[in-house]
S.K.: 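Structure below; questions to follow.
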Amino acid sequence: MLAELEQLKARAFSELDVIDNLKHLEEWRLRYLGRKGSLTLVLRGLSGLPLEERRVVGAAANEIKAALEAGLKQKQDSLKEQSLAVALQKSRIDVTLPGYPVNVGRFHPTTQTIREVCAVFASMGFQVIEGPEVEWDYYNFEALNIPRDHPARDMWATLWVEAPEGENPMLLRTHTSPMQIRLMEKTRPPVRAVIPGKTYRYEATDATHESMFYQIEGLAVDRGITMGDLKGTLFEFARRVFGEERRARFRCDYFPFVEPGVEMAIDCWVCRGKGCRLCGNTGWIEILGAGMVHPQVLRRVDYDPDVYSGFAFGVGVERIPMLRYGIEDIRLFYGNDLRFLKQF
Ligand code: YSA
């Protein structure tokens, strides 16, 4: 009997040695120490033995039981340790590795320009307001002295919005000038405001023309405002935005809602005034239209033109960064190409 117990012990330990997972360890426990395990059966059978033999075999069996239980505990601990080590190895973090770069967003160059230009005018006492992009024919044309059959409508190739029969025609505003009327309808002089926003034109695109582009409208109305105020304000704007070294030029132009009307141009960014393909060999790039608000427009909003006068202007926003950074094609602004946009 004692020899059998020794064999059982040897077998149990040699099996335990090669066990490498908790599932097999549990099977091993049941095989030897479980309720129907080999050692348990030996212990149960002791009662049939003579007293002397029972004492010897019993003591030996209990000793083996204690040894197997200690072996079991040791194996359990070492298997748990191993699986913890594997888990730690898998989830190991190398804190010395460089982190992933964070993508930092930025404002679109058009937005940057609008903010900068508005800040320049704000410092000269102009407030900043906004208005609708889908506009009535009345504000975009009629109230600006451009009646329905006036040939000047051709200057603003228009995208019309389908309106029900008999309704007032609507359109995508072709310039920000309708906001002059909306503002003056609501306010009494003195008025000083800049109005940035999107404008739309039904025209083919080229290096300096888009069908959707931004303008910033400016309007100042008060007693005694003259052409000198217009020129002084716009020269100051040009100086602050483009720098002292750039040249600005005023020339007569025609807009039905001003009298007199002017355009302002800056020396071409490619040829610096010498003449090239981009500026049509003129050496200048037009950036804005302006003029003294027409008395007819003032009357329309109940301002007495014998008391009040004012100037207004509309500047193309994209042309400002084009002039400053030498960008040769306006279509780059809205091509959604990060290689271009990330430069600003
Ligand atoms: C004139 C007199 C005022 O009292 C007030 C405003 C104006 C400007 C007028 N409303 C207007 O829209 N004139 S404009 O057709 O010559 O455009 C003004 C500026 O917008 C241009 O000088 C140019 O810089 C820009 N622009 C015009 N068409 C464009 C454009 N920019 C990009 N793409 C286009 N298709």
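Along the sequence shown, residues are numbered consecutively beginning with 1. None of the values given here were measured: they were computed from a predicted structure. Note that ligands are numbered from 1 as they come in the structure, with each ligand's atoms numbered from 1 the same way. All values below were derived from every heavy atom in this structure, side-chain atoms included, with hydrogens, water molecules and symmetry-related copies excluded.
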S.K.: What protein heavy atom sits nearest atom 25 (C) of ligand 1, and how far away is it?
M.R.: G316 CA, 3.6 Å
S.K.: Numbering the atoms of ligand 1 from 1, which are under 4.0 Å from a heavy atom of E203?
M.R.: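 Per the distance check, 34 (C), 35 (N).
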S.K.: Against heavy atoms of I330, which atoms of ligand 1 measure under 4.0 Å?
M.R.: 32 (C)
S.K.: For atom 33 (N) of ligand 1, grab the closest protein heavy atom and report residue, atom and distance to one decimal in Å.
M.R.: E210 N, 2.9 Å
S.K.: What do we get for A290 next to ligand 1 when only non-hydrogen atoms under 4.0 Å count, side chain, backbone, both or neither?
M.R.: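 For A290, only backbone atoms sit under 4.0 Å from ligand 1.
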S.K.: What protein heavy atom sits nearest atom 31 (N) of ligand 1, and how far away is it?
M.R.: F213 CD1, 3.4 Å
S.K.: Looking only at distances, please establish whether an N/O atom of ligand 1 is found under 3.5 Å from an N/O atom of E318.
M.R.: no
S.K.: What's the shortest distance from atom 7 (C) of ligand 1 to any protein heavy atom, and which residue and atom give it?
M.R.: G289 O, 3.4 Å
S.K.: Decide yes or no for F235 and F250: does some side-chain heavy atom of the first lie under 4.5 Å from some side-chain heavy atom of the second?
M.R.: yes
S.K.: Do any nitrogen or oxygen atoms of H209 lie less than 3.5 angstrom from nitrogen or oxygen atoms of ligand 1?
M.R.: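 No: no nitrogen or oxygen of H209 is under 3.5 Å from one in ligand 1.
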S.K.: Between the candidates Q215, E286, R173, E263, which shows the shortest non-hydrogen contact distance to atom 16 (O) of ligand 1?
M.R.: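 It is E286 whose heavy atom sits nearest to atom 16 (O) of ligand 1.
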S.K.: Is it true that T174 and Y202 share a donor-acceptor pair across their side chains at a distance under 3.5 Å?
M.R.: no
S.K.: Run E217 and S177 through side chain to side chain donor-acceptor pair (under 3.5 Å) and show every step you take.
M.R.: CA-CA 6 Å; E217 193 78 8; S177 299; 2.8 Å; yes
S.K.: Taking distance alone, with no angle check, do L288 and ligand 1 share an N/O pair under 3.5 Å?
M.R.: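 Looking only at distances, the answer is yes, because the N/O contact criterion of under 3.5 Å is met.
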S.K.: So, do F237 and F126 have ring centers that fall under 6.0 Å from each other?
M.R.: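 For F237 and F126, the ring centres are not under 6.0 Å apart.
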S.K.: Less than 4.0 Å is my threshold; does some heavy atom of Q180 fall inside it relative to ligand 1?
M.R.: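 Yes.
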S.K.: Are any of the N/O atoms on V258, whether in the backbone or the side chain, positioned under 3.5 angstrom from an N/O atom of ligand 1?
M.R.: no
S.K.: What is the closest protein heavy atom to atom 23 (C) of ligand 1, and at what distance does it sit?
M.R.: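 Residue, atom and distance for the closest contact: R319 NH1, 3.4 Å.
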S.K.: Look at atom 6 (C) of ligand 1 and say which protein heavy atom is nearest, naming residue and atom and giving the distance to 0.1 Å.
M.R.: G314 N, 3.2 Å
S.K.: Closest non-hydrogen protein atom to atom 2 (C) of ligand 1, residue and atom name please, with distance?
M.R.: F257 CE1, 3.5 Å
S.K.: Do you reckon L5 sits in the same ILVMFWY cluster as L41, going by side-chain contacts under 4.5 Å, direct or chained?
M.R.: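 No, separate clusters.
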S.K.: Touching ligand 1 at all, M292? Heavy atoms, strictly under 4.0 Å?
M.R.: no
S.K.: Strictly under 4.0 Å, does any heavy atom of T176 approach an atom of ligand 1?
M.R.: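 T176 does not count as a contact of ligand 1 under the 4.0 Å cut-off.
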S.K.: Between R55 and E52, is there a side-chain N and carboxylate O pair less than 4.0 Å apart?
M.R.: yes
S.K.: Which bit of S177 is near ligand 1, meaning a heavy atom under 4.0 Å away: side chain, backbone, both or neither?
M.R.: side chain
S.K.: Answer yes or no on whether R201 is positioned over the face of F213, meaning its NZ or CZ is under 6.0 Å from the six-membered ring centre and within 45° of the axis.
M.R.: no
S.K.: Identify whether I320 and I285 are in the same connected component of the hydrophobic contact network (ILVMFWY, side-chain heavy atoms under 4.5 Å).
M.R.: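 Linked, I320 and I285 end up in one cluster.
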S.K.: What protein heavy atom sits nearest atom 13 (N) of ligand 1, and how far off is it?
M.R.: F255 CE2, 3.5 Å
S.K.: So is R182 actually on top of Y139's ring, under 6.0 Å and inside 45° of the axis?
M.R.: yes
S.K.: For atom 15 (O) of ligand 1, which of M155, R201, H175, E217 has the closest heavy atom?
M.R.: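 Residue with the shortest heavy-atom distance to the ligand atom: R201.
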S.K.: At the 4.0 Å heavy-atom cut-off, does W156 count as touching ligand 1?
M.R.: yes
S.K.: Taking only heavy atoms of T208 into account, list the atoms of ligand 1 that are under 4.0 Å away from them.
M.R.: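 Numbered from 1, ligand 1 contributes 32 (C), 33 (N).
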S.K.: Does any non-hydrogen side-chain atom of R223 lie less than 4.5 Å from one of P189?
M.R.: no
S.K.: Are D137 and R153 within salt-bridge range, i.e. N to O under 4.0 Å?
M.R.: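 Counted as a salt bridge, because a side-chain N and a carboxylate O are separated by less than 4.0 Å.
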S.K.: Measure centre to centre between the rings of F340 and F333, then say whether the value is under 6.0 Å.
M.R.: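 F340 vs F333: aromatic centres under 6.0 Å.
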S.K.: Does the gap between the ring centers of F255 and H175 come in under 6.0 Å?
M.R.: no
S.K.: With a 4.5 Å limit on heavy-atom distance, are the side chains of Y32 and E15 in contact?
M.R.: yes
S.K.: Based purely on interatomic distance, does T174 place a nitrogen or oxygen under 3.5 Å from a nitrogen or oxygen of ligand 1?
M.R.: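 Among all N and O atoms of T174, none is under 3.5 Å from an N or O of ligand 1.
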